[in-house]
Amino acid sequence: MNVLNVFPVLSVIFGLVLIVFILFNRFGLGKNKKIRVVLASLLFIYVVTALDYYLSITNTIPATYSGVTYFLYHFIGLLFYYFIALFTKSEINIKKLKPIVIGYTALRVLVFLPFDHNQNLQDFVAALESSNYGILVLVEYILVSSINIVLMFLAYQKLKKAPLIIELDESQKNLYKWIKSIIIVIILMQIVVFVTTILGSLDIGHFNFYLKFETLIYAVFFFIFAFSIMHFPVFAYSGNFEDLSTSAIEKYAKSSLSDSSKLFEKIEAVVKEESLYLDFDLKLNTVAEKLEQSIHHISQAINQNAKMSFPDFISSFRIQEAKKKLLEPKPATIFAISLDVGFNSKAAFYTAFKKHTQMTPTEFKKLHKSI
């Protein structure tokens with residue numbers, strides 16, 4: 001048996017197992033269920049693609065090419081970017097994108113519907129090449145693939161630039177580098193899939209080989225991602241005690257921190273008195289070292305008493321300081337104020353300000369001028 005024939009089946013089986021693992025196991029992904037759902041949805045597209053291609057290669061049933069792969073393909077880049085945004089606790093307004101995505105999906109359906117689907121994928125592609133829609137569909141595929149690859153690259157950039165809430169030790173630094181390398185591999189695999197699909201459409205005689213090669217790529221994707229996802233340091237981005245693994249939460253909950261409220265009072269005091277919040281690169285480790293506590297206990301105390309994560313807790317002090325500066329007789333520019341109070345960008349300041357006050361800095365100034 002040709003070894004390439006095995007990989008489509010492995011891709012489907014392992015992909016389904018991985019999806020179940022992601023949906024029902026919080027290890028490595030924190031408490032946010034949306035992160036797991038988005039990642040599982042992304043992997044589901046790869047599973048459907050592998051299954052679709054396998055049925056097409058083997059001609060298992062009539063009309064084997066369902067076309068679902070074609071409809072779902074443009075979601076890959078968007079879901080990947082959305083996953084990284086959620087994972088790194090970055091702000092993203094998905095609601096604004098929904099109408100565009102829905103409209104574009106409907107347009108792709110209309111392009112696909114005129115074709116006869118009672119044929120295998122190889123015959124379908126051959127018919128496509130001889131139709132009036134051939135060039136349109138090829139250009140559309142190249143465009144969608146390019147958008148997917150660009151979004152994946154932007155996701156990688158977001159991962160690199162996202163601020164870490166803790167100081168990484170040597171092993172964590174190596175793991176962090178490994179995770180970034182995995183993302184690069186994923187982007188390269190997407191490029192390879194794009195190239196093999198184009199080659200397959202131009203070389204009908206070897207089309208099945210290209211399909212097998214693609215599913216081999218998908219299988220590799222699942223194995224690499226399965227290894228890395230279990231080690232994603234989500235706590236390093238959120239600083240939220242509840243984002244630790246279940247075993248870690250139980251460990252620290254049962255530890256020597258019997259009264260987190262007393263520790264929280266000390267945390268508030270040191271952050272205020274030493275104006276630690278003005279440091280844009282403030283990490284949990286700084287507060288932990290000053291109070292001679294573990295970063296997990298600091299996070300736990302903030303989480304249990306302030307009902308928020310460490311970044312939001314620090315932002316609350318920065319926003320209070322910003323309010324004072326905004327109400328001065330001759331206030332500095334909003335950008336200057338954002339830097340003065342500890343934010344490293346105007347965008348981060350606007351996001352945090354609106355989160356804590358339900359209004360923008362400009363709206364806050366206008367409101368208080370009218371009083």
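- F335 belongs to a hydrophobic cluster whose other members, connected by ILVMFWY side-chain contacts under 4.5 Å either directly or through intermediates, are L339.
- Checked by atom type and distance alone, the side chain of N305 never pairs as donor or acceptor with a backbone atom of F264 at under 3.5 Å.
- The two residues I267 and A301 have their closest heavy-atom pair at CD1-CB, 3.9 Å.
- Residues L23 and A40 share a closest heavy-atom pair of CD2-CB, 3.7 Å.
- Listed by first and then second residue, the ring pair (Phe, Tyr, Trp, His ring centres under 6.0 Å) pairs involving residues 272-292 are Y277-F317 (not counting sequence neighbours).
- With rounding to the nearest 0.5 Å, the separation of NZ in K346 from OG1 in T333 is 7.5 Å.
- Looking at E321 and K324, their side chains come closer than 4.5 Å, going by heavy atoms from C-beta outward.
- Separation of atoms CG (L16) and CZ (F44) is listed at 8.0 Å; rounding is to 0.5 Å.
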Would F87 and L39 satisfy side chain to side chain contact (heavy atoms under 4.5 Å, CB included), going step by step from the backbone distance to the final call?
CA-CA 10 Å; F87 186 79; L39 182 58; over 6 Å; no

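- Residues I35 and F24 fall within the same hydrophobic cluster, defined by Ile, Leu, Val, Met, Phe, Trp and Tyr side chains chained together at heavy-atom separations under 4.5 Å.
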From CA spacing to verdict: side chain to side chain contact (heavy atoms under 4.5 Å, CB included), F310, K283:
CA-CA 9 Å; F310 177 74; K283 289 180 169 49; 5.6 Å; no

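- In this view, E265 satisfies the salt bridge (Lys or Arg N to Asp or Glu O under 4.0 Å) rule with no residue, not counting sequence neighbours.
- The shortest distance between side-chain heavy atoms of N303 and F313 does not fall below 4.5 Å.
- Looking only at side-chain heavy atoms (C-beta outward), E170 and N174 come within less than 4.5 Å of each other.
- Shown here for E363 and T360, the closest heavy-atom pair between the two residues is OE1-N, 2.9 Å.
- Rounding to the nearest 0.5 Å gives a distance of 9.5 Å between NZ of K272 and CD of Q320.
- Looking at every heavy atom in both residues, I165 comes nearest to N285 through O-OD1, 4.4 Å.
- By the salt bridge (Lys or Arg N to Asp or Glu O under 4.0 Å) test, K290 is found to be paired with E274, residues two or more places apart in sequence or in another chain being considered.
- Note: I314 CD1 to I302 CD1 = 6.0 Å, rounded to the nearest 0.5 Å.
- Annotation: side chain of H356 is in contact with side chain of S315 (closest heavy-atom distance under 4.5 Å).
- With a 4.5 Å cut-off on side-chain heavy atoms, Y82 and L42 do not count as touching.
- Residue K180 places its NZ atom among more than 12 non-hydrogen atoms of other residues, nucleotides or ligands, all under 6.0 Å distant.
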All N/O donor-acceptor pairs, side-chain side in residues 147-159, below 3.5 Å, sequence neighbours left out:
unit_1, atom_1, unit_2, atom_2, d
N148, OD1, G77, N, 3.0
N148, ND2, Y73, O, 3.0

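- Closest approach of L282 and T286 over heavy atoms only: CD1-CB, 3.7 Å.
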Derivation of the side chain to side chain contact (heavy atoms under 4.5 Å, CB included) call for I84 and I183
CA-CA 10 Å; I84 295 298; I183 303 295; 4.2 Å; yes

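- Proximity of V47 to F14: side-chain heavy atoms (C-beta onward) are nowhere separated by under 4.5 Å.
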In sequence, state the C-alpha distance, the side-chain angles, and the governing distance for F353 and K323, and then conclude on side chain to side chain contact (heavy atoms under 4.5 Å, CB included).
CA-CA 9 Å; F353 198 96; K323 286 179 180 179; 4.2 Å; yes

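- A donor-acceptor contact shorter than 3.5 Å is absent between the side chain of S299 and the backbone of I295.
- Between K365 and P331, some side-chain heavy-atom pair lies under the 4.5 Å cut-off.
- Here the CZ-CD1 distance, from F80 to I45, works out to 12.5 Å after rounding to the nearest 0.5 Å.
- The hydrophobic cluster around V17 extends to none of the other residues, as no ILVMFWY side-chain heavy atom falls under 4.5 Å of it.
- Contact detail for P361 and I334: the closest heavy-atom pair is CB-CD1, 4.0 Å.
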